[in-house]
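Data block below; observations after.
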Amino acid sequence: MSYQQLDTLADLFIPFLIVALIVAAFRCIRGAPWTFLLRSGLAIIVVRQLAKYAQKRELWGEDFPSTHFAVALALLVGFWLLSRKWGLAATLATVCYGALMWFQRYHTPAEMLGALFAVPLSLGIHLWPQRARRVAN
């Protein structure tokens with residue numbers, strides 16, 4: 001594969017993972033998986049914004065942490081919460097994506113390791129208890 005083809009593949013990874021998560025949610029969750037998908041979307045937004053904030057502050061360089069890898073890890077949490085099968089497939093894809101980013105010199109391993117904050121943060125967003133609905137008398 002040429003460098004341009006690999007670059008296109010890297011650009012398509014996150015949108016592909018988002019579509020795959022939507023498909024997986026509809027296949028794994030009975031009824032409408034809207035709550036799960038909304039929490040996944042919130043996790044992606046929060047993780048992306050925190051990564052961008054850290055990059056603007058240039059605490060450890062202008063590309064630390066990797067925003068793309070942080071978003072991929074946030075999506076990975078969603079796959080693991082759905083099922084092991086989807087989680088294993090997404091883990092393999094995410095590892096390949098990380099290797100591709102390193103191979104193309106988009107990010108260093110340290111910048112990708114800096115994105116690991118996305119895992120506990122996304123897990124916390126997904127598992128945060130919902131408030132009980134109050135019925136007015």
Side-chain angles (χ1 to χ4, degrees):
M1 285 187 125
S2 71
Y3 182 84
Q4 289 177 330
Q5 289 171 325
L6 288 174
D7 187 49
T8 301
L9 185 64
D11 288 342
L12 292 175
F13 182 79
I14 297 294
F16 172 76
L17 212 57
I18 290 170
V19 170
L21 184 65
I22 293 168
V23 169
F26 275 98
R27 295 195 79 188
C28 294
I29 299 173
R30 291 184 182 197
W34 300 115
T35 302
F36 173 81
L37 291 174
L38 286 172
R39 286 176 183 253
S40 295
L42 178 62
I44 291 168
I45 290 168
V46 170
V47 162
R48 183 185 183 286
Q49 289 307 110
L50 285 175
K52 287 295 183 187
Y53 178 78
Q55 288 174 355
K56 287 208 181 271
R57 302 292 293 178
E58 293 188 28
L59 301 174
W60 294 286
E62 63 183 34
D63 289 331
F64 184 90
S66 168
T67 306
H68 289 93
F69 202 60
V71 169
L73 291 172
L75 288 162
L76 182 62
V77 168
F79 281 107
W80 275 106
L81 290 173
L82 288 175
S83 75
R84 276 191 184 164
K85 179 178 76 169
W86 285 98
L88 287 172
T91 300
L92 178 62
T94 303
V95 168
C96 290
Y97 180 57
L100 178 62
M101 286 194 301
W102 178 72
F103 176 75
Q104 290 192 282
R105 295 189 178 112
Y106 290 148
H107 291 290
T108 64
E111 291 167 348
M112 289 188 288
L113 284 173
L116 287 175
F117 77 92
V119 174
L121 182 59
S122 298
L123 192 59
I125 289 172
H126 275 285
L127 300 179
W128 189 265
Q130 295 179 0
R131 292 183 184 210
R133 293 183 184 175
R134 295 183 185 189
V135 179
N137 292 359

Atom pair [atom1] ([X]) and [atom2] ([Y]), whose distance is rounded to the nearest 0.5 Å:
{"X": "Ile45", "Y": "Arg48", "atom1": "CD1", "atom2": "CZ", "answer": "9.5 Å"}
{"X": "Leu17", "Y": "Leu12", "atom1": "CG", "atom2": "CG", "answer": "12.0 Å"}
{"X": "Leu100", "Y": "Thr94", "atom1": "CG", "atom2": "OG1", "answer": "12.0 Å"}
{"X": "Leu21", "Y": "Ile44", "atom1": "CG", "atom2": "CD1", "answer": "7.0 Å"}
{"X": "Leu127", "Y": "Leu81", "atom1": "CG", "atom2": "CG", "answer": "6.0 Å"}
{"X": "Asp11", "Y": "Phe16", "atom1": "CG", "atom2": "CZ", "answer": "15.0 Å"}

Shortest non-hydrogen contact between [X] and [Y], atoms and distance:
{"X": "Phe69", "Y": "Gly98", "value": "CE1-CA, 3.7 Å"}
{"X": "Ala118", "Y": "Val47", "value": "CB-CG1, 3.6 Å"}
{"X": "Pro65", "Y": "Ala54", "value": "CD-CB, 3.6 Å"}
{"X": "Pro120", "Y": "Phe117", "value": "CD-O, 3.4 Å"}
{"X": "Gly78", "Y": "His126", "value": "CA-NE2, 4.2 Å"}
{"X": "Ser66", "Y": "Ala115", "value": "O-CB, 3.6 Å"}

Close side-chain approach of [X] and [Y], heavy atoms under 4.5 Å:
{"X": "His68", "Y": "Tyr97", "value": "yes"}
{"X": "Arg39", "Y": "Trp128", "value": "yes"}
{"X": "Phe79", "Y": "Thr91", "value": "no"}
{"X": "Leu123", "Y": "Val119", "value": "no"}
{"X": "Val71", "Y": "Leu75", "value": "yes"}

A quick test of your reading: do over 12 heavy atoms of other residues, nucleotides or ligands sit less than 6.0 Å from CH2 of Trp102? no
Which label fits Trp34 and Phe26: parallel for a plane angle under 30°, tilted from 30 to 60°, or perpendicular past 60°? perpendicular
Check the hydrophobic clustering (I, L, V, M, F, W, Y; side-chain heavy atoms under 4.5 Å; chains of links allowed) and say if [X] and [Y] are grouped together.
{"X": "Leu37", "Y": "Ile14", "answer": "yes"}
{"X": "Trp86", "Y": "Ile18", "answer": "yes"}
{"X": "Leu50", "Y": "Leu113", "answer": "no"}
{"X": "Val95", "Y": "Leu116", "answer": "no"}

Pair Leu38-Leu42, side-chain contact (heavy atoms from CB on, under 4.5 Å): steps then yes or no: CA-CA 6 Å; Leu38 286 172; Leu42 178 62; over 6 Å; no
side-chain contact (heavy atoms from CB on, under 4.5 Å) between Leu73 and Leu76: does it pass, once the steps are laid out? CA-CA 5 Å; Leu73 291 172; Leu76 182 62; 4.1 Å; yes
Where do Phe64 and His107 land on the ring pair (Phe, Tyr, Trp, His ring centres under 6.0 Å) test, with the steps shown first? CA-CA 9 Å; Phe64 184 90; His107 291 290; 9.7 Å; no
